[in-house]
**Q** 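This is the structure I want to talk about, given as structure tokens.
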There are 2 protein chains.
Amino acid sequence: MGTPQPDRPLYIRIHERDNVAIVVNPGGLPAGSRFESGLTLTEPIPEAHKVALTNLAPGDPILRYGVTIGYAEKPIAQGSWVHEGLVATPEAPDLNSLPLATAVPHPLPPLEGYTFQGYRNPDGTVGTKNILGISTTVQCVAASVDYAIRRIKAEILPRYPNVDDVIAITHNYGCGVAINAPGAEIPIRTLRNLSLNPNLGGTPLVVSLGCEKMQPSRMLPTSALPVVTDEPYIMRFQDEEHRGFGDIIAAIMRMAERRLVQLNRRQRTTCPASDLVVGLQCGGSDAFSGVTANPAVGYAADLLIRAGATVMFSEVTEVRDAIHLLTARAANETVAHNLIREMAWYDEYLHQGLVDRSANPTPGNKEGGLANIVEKALGSIAKAGSTPLAGVFGPGERVTQKGLIFAATPASDFICGTLQLAAAMNMHIFTTGRGTPYGLAMAPVIKVASRTELAERWPDLIDINAGTIATGQATIEQVGWQIFHLILEVASGRKQTWADHWGLHNDFALFNPAPVT
Amino acid sequence: MGTPQPDRPLYIRIHERDNVAIVVNPGGLPAGSRFESGLTLTEPIPEAHKVALTNLAPGDPILRYGVTIGYAEKPIAQGSWVHEGLVATPEAPDLNSLPLATAVPHPLPPLEGYTFQGYRNPDGTVGTKNILGISTTVQCVAASVDYAIRRIKAEILPRYPNVDDVIAITHNYGCGVAINAPGAEIPIRTLRNLSLNPNLGGTPLVVSLGCEKMQPSRMLPTSALPVVTDEPYIMRFQDEEHRGFGDIIAAIMRMAERRLVQLNRRQRTTCPASDLVVGLQCGGSDAFSGVTANPAVGYAADLLIRAGATVMFSEVTEVRDAIHLLTARAANETVAHNLIREMAWYDEYLHQGLVDRSANPTPGNKEGGLANIVEKALGSIAKAGSTPLAGVFGPGERVTQKGLIFAATPASDFICGTLQLAAAMNMHIFTTGRGTPYGLAMAPVIKVASRTELAERWPDLIDINAGTIATGQATIEQVGWQIFHLILEVASGRKQTWADHWGLHNDFALFNPAPVT
Ligand SMILES: [Ca+2]
Ligand SMILES: [Ca+2]
Ligand SMILES: [Ca+2]
Ligand SMILES: [Ca+2]
Ligand SMILES: [Ca+2]
């Protein structure tokens, strides 16, 4: 790539009201550095951290994105470093006095003619991969299913070359849990809907122990299966016909081969871009995330929505402080109320655990220049682009609607990814500032770096560099189109993400707000 | 094996006060079956289920183990089936009015001369395996560490034949969690103490992303390392020296090889049985568990404790209803109070999740003849044998004491196993009635079946059949000695468990009572 680095002091001010800006230069800037505007640094400021553009008195609002991200704790001189220790966090917006659908954006013009080559499923969804998934009801069978999958991959899969992969949906739920507690419906429906992800092509295979709390009929009641032409296939370890481990493994392998025969017959066909269900997420964010990678993804989100697709954003604790901006953008009052309901549920969940939303930012976020959750949230929602918020779904629910969707999840990268897969995601876009080798087995993950330095340091993990936006070498629109085109290529199986290249597939992580027993 | 089955109706009554007994015959017994005592069945009763030995009026106590396990909900005729629908669950014992160290058993005579061949560690503990463990601070690095381990096993491990295995301690903690919430100390100390398990031989290797909440210094503060001659080895993905994924993997492999060189030099030496730290657990229990497998394990526990070893039992929700028997057995009032403290903590934890201890039993437990948590608890604590309760440790704490220890954990098989490994377990005994292919990578798991039918159906998963106790073909003492001897053989590396034979190693499962973010 070899992007040239800026050789003169450079900062980014996002909104004309802002009284802080972030330093762009790799490695930061020394005291005395002078910007084109005439501003001179009174002290060294690290890359991605904030510089005061004016003198601030204690209690003055600190403005970024044109919004108050905090209040000055002490006097802050023009040209000095506005680090997290100087910024008091504002109260979270009151959920009872929010604007409801007061600023619904005009729909953007439709974007026609964009297609990808996908696997059309009987229920109308489209897979971007052709994977054999083996669902499990309980962790007791996980190691045995892993054993069976090693053998399936070595002995059977080579005969079915049209099938991309064989994966086990293993997890730590199913037994030893309070299965009738409030909140238990979340992990249960997550596992159900993971089994129905478009990339698994329909009829789930289920491996059960036999005596577990989450029986197969509870995980996959026949009524919950949208389109199943034949029965879901179920195999139970404790059934009397299995005489020992060899029998158990043979039974799993026979069941798998029956599905491999079916899956192997499938072919990619031309599908409109509207069949994409794209999940957006950020992880290891820095202060650049909100000005480079996330706005570029937001632009791509707008393109996808103009093309008729579903685009999900998530991460409740990173949306909470920007909720007033989103309720205003909701397509109607019902959608706004549904969003408030999800925020209120999570407020209460955190409150019961004796914490609040300030538990979200990490040491790395702060080192990366993010002072608090407000600043992080404003950067995070840039991923959501500029279209109306069309719908809201609860954690682990299957999304059945086009347009911009808030799919409520924790911000934890792996829980969010797992819940977005349950929501029927067939493509994942992940922005990162600090860098993470994140990957999922069930859907391709395109990783977008917020900084050129990261993209150049990890050329074989980062798929797209949005850092060029900070240095003026590319526009948000250009990188947005680049992401959009790469999505179509990857969805068609013509290009491979780096995570898939290396086979970096993190384990599923469930969200279980209920107790274990 | 081919154990002969009883051809005449047979039941087991455990205590002379009992007014119910359990049917022993495989497949159960038809109506009209007549026992030697003259009792005749008024209806069919499934195997392992209870028969009424007398007529019971509504409200009459139902006695098993000489203890009230419930009250008759309706009139129950002599010879009829006492199924769970007829049994009202009693209140849990009040934690404020328990006997404290009122019935401390006399110490049993010491058992001398029993040894095993183990790996002596610098901190005085002893490994039963010689494993290279790679700790991780956050799930972000898990898939990459798995990738590195595949390459280490293929390319490096063959040169170090004295090392048994290379395992990653991967988990879903470390970021996206409320790391300062009450209860967060549990997953953090669990991960710390897993890294210090005796089977990993000392100095932990730590792989970190860099920006995560649980920094390496928080997981393994130098002060917490009992004996570390050199620094813990730490590798961070985000360090600037790593240019891409290839560098990252190479760095992990180099660090691993340095430890493999050290581990490969170790030899097994003769160690007294007192160096064993044995964790006991049951899973997939049935009504036989409490009369065959668990009492036999309890006898083995007594032998181990007579030989000076540490024996841990766990599973709070399965001990709660038998707490009055255990506080009486506590070595002193402090130990009794510590036990009560753990029960009270868990009562509150379940209460906050709006459930109680009745959330524990599974459909399989009930099908296996266990009416409720009281009956399950009385069977479960039979594993604890008959010695004084010497100490109590919280979830994930490292156990540093000999004798019978209560290591507080949830009953969930994988969380319990993980927490017992953190407690420094070097050998695990697992009893099962319904059957499970349970296994752990970090310590050998000996599986004991409660029924001959299961042991014969799964000959290549079950290590010891305690079902012979039910049919009178073996005594509790005989099977107890058999377990004790097998422990010494497996601990010495001379025999392999079935779980290790097949490589059935379930993932670690943490206990995190705090919220995710
Ligand atoms: Ca995020
Ligand atoms: Ca995230
Ligand atoms: Ca148990
Ligand atoms: Ca258990
Ligand atoms: Ca795994």
Side-chain angles (χ1 to χ4, degrees), chain A residues 139-140 142-144 147 172 175-178 180-182 209-213 215 237-238 240 243-246 284 317 349-350 352-355 359-360 362-364 367 410-415 434-439 457-461 502-507 509 511 514-517, chain B residues 139-140 142-144 147 172 175-178 180-182 209-213 215 237-238 240 243-246 284 317 349-350 352-355 359-360 362-364 367 410-415 434-439 457-461 502-507 509 511 514-517:
Chain A
Q139 193 182 359
C140 303
S144 304
Y147 179 99
N172 53 13
C175 216
V177 292
N180 295 313
L209 180 61
C211 61
E212 67 274 16
K213 277 185 184 158
Q215 291 287 300
F237 275 41
Q238 290 170 347
E240 285 188 14
R243 315 302 296 186
F245 188 68
T317 52
Y349 164 73
L350 292 176
Q352 293 218 351
L354 306 178
V355 291
N360 176 306
T362 65
E367 217 179 296
S412 158
D413 295 351
F414 303 96
I415 298 179
R434 311 290 298 169
T436 165
Y438 184 91
R457 180 157 43 86
W458 285 9
D460 52 2
L461 287 169
W502 298 112
L504 298 180
H505 296 153
N506 283 81
D507 286 344
F511 179 39
V516 296
T517 61
Chain B
Q139 194 183 358
C140 304
S144 305
Y147 179 97
N172 53 12
C175 215
V177 293
N180 295 312
L209 180 61
C211 61
E212 67 273 18
K213 278 187 184 157
Q215 291 287 300
F237 275 41
Q238 291 170 347
E240 286 188 13
R243 315 301 298 186
F245 187 67
T317 52
Y349 163 74
L350 292 177
Q352 291 218 350
L354 305 177
V355 292
N360 176 306
T362 65
E367 217 179 295
S412 158
D413 294 352
F414 302 96
I415 298 180
R434 311 291 299 170
T436 165
Y438 183 92
R457 179 156 44 86
W458 285 10
D460 52 3
L461 286 169
W502 297 112
L504 298 180
H505 296 152
N506 283 82
D507 286 344
F511 180 39
V516 296
T517 62

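Letters go in sequence order (proteins before strands), and every chain restarts at 1. Computed from a predicted model, the values in this text were never measured in an experiment.
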**Q** Please look at Phe237(B) and chain A and tell me whether the side chain, the backbone, both or neither of the residue comes under 4.5 angstrom of a heavy atom of that chain.
**A** both
**Q** Between Trp458(A), Tyr147(A), Phe511(A), Trp502(A), who has the most heavy-atom pairs with chain B when the cutoff is under 4.5 Å?
**A** Trp502(A)
**Q** Return the option, out of Cys140(A), Gly210(A), Gly439(A), with the maximum number of heavy-atom pairs under 4.5 Å with chain B.
**A** Cys140(A)
**Q** Apply ring-ring contact (aromatic ring centres under 6.0 Å, His included) to Tyr438(B) and list each qualifying residue two or more places apart in sequence or on a separate chain.
**A** Phe414(B), His428(B), Phe430(B)
**Q** Provide the closest heavy-atom pair for Arg457(A) versus Glu240(B) in the form atom of the first, atom of the second, distance.
**A** CD-O, 3.8 Å
**Q** Flag the pair Asn180(A) / Val355(B) as yes when at least one side-chain heavy-atom distance between them is below 4.5 Å, and no otherwise.
**A** no
**Q** Give me the atom names and distance for the closest heavy-atom approach of Gly246(A) to Asp460(B).
**A** N-OD2, 3.6 Å
**Q** Indicate yes or no: at least one non-hydrogen side-chain atom of Leu504(A) is less than 4.5 angstrom from one of Ser144(B).
**A** yes
**Q** What part of Phe245(A) gets within 4.5 angstrom of chain B, counting heavy atoms only: side chain, backbone, both, or neither?
**A** both
**Q** Contact between Pro437(A) and Leu209(B) at the side-chain level, heavy atoms closer than 4.5 Å - yes or no?
**A** yes
**Q** Does any part of the side chain of Gln139(B), heavy atoms only, come nearer than 4.5 Å to the side chain of Asp507(A), both counted from C-beta?
**A** yes
**Q** If we define contacts as heavy-atom pairs under 4.5 Å, which of Gly176(A), Ser412(A), Gly244(A) has the most with chain B?
**A** Gly244(A)
**Q** Mind listing the closest non-hydrogen atom pair of Leu350(A) and Val516(B) along with its distance?
**A** CD2-O, 3.8 Å
**Q** Testing Asn506(A), Asn172(A), Ile415(A) for side chain to side chain contact (heavy atoms under 4.5 Å, CB included) with Asn172(B), which one passes?
**A** Asn172(A)
**Q** I'd like to know if the side chain of Gln352(A) and the backbone of Pro515(B) have a donor-acceptor N/O pair within less than 3.5 Å.
**A** no
**Q** If you count heavy-atom pairs within less than 4.5 Å of chain B, which of Pro410(A), Ala514(A), Ala142(A) leads?
**A** Pro410(A)
**Q** Please identify each residue that fulfils side-chain hydrogen bond (donor to acceptor under 3.5 Å, both in side chains) with Glu367(B), with sequence neighbours left out.
**A** Arg434(B)
**Q** Looking at every heavy atom in both Ala181(A) and Gly353(B), which two are closest together, and how far apart are they?
**A** CB-O, 3.9 Å
**Q** Looking at Ala178(B), Gly503(B), Pro363(B), which has the largest count of heavy-atom pairs under 4.5 Å with chain A?
**A** Pro363(B)
**Q** Can any side-chain N or O of Lys213(B) pair as donor or acceptor with the backbone N or O of Gly364(A) at less than 3.5 Å?
**A** no
**Q** Thr317(A) side chain to Thr517(B) main-chain N or O, any donor-acceptor pair under 3.5 Å?
**A** yes
**Q** Heavy atoms only, distances under 4.5 angstrom: which of Ala509(A), Pro182(A), Cys175(A) has the most pairs with chain B? Name it, please.
**A** Pro182(A)
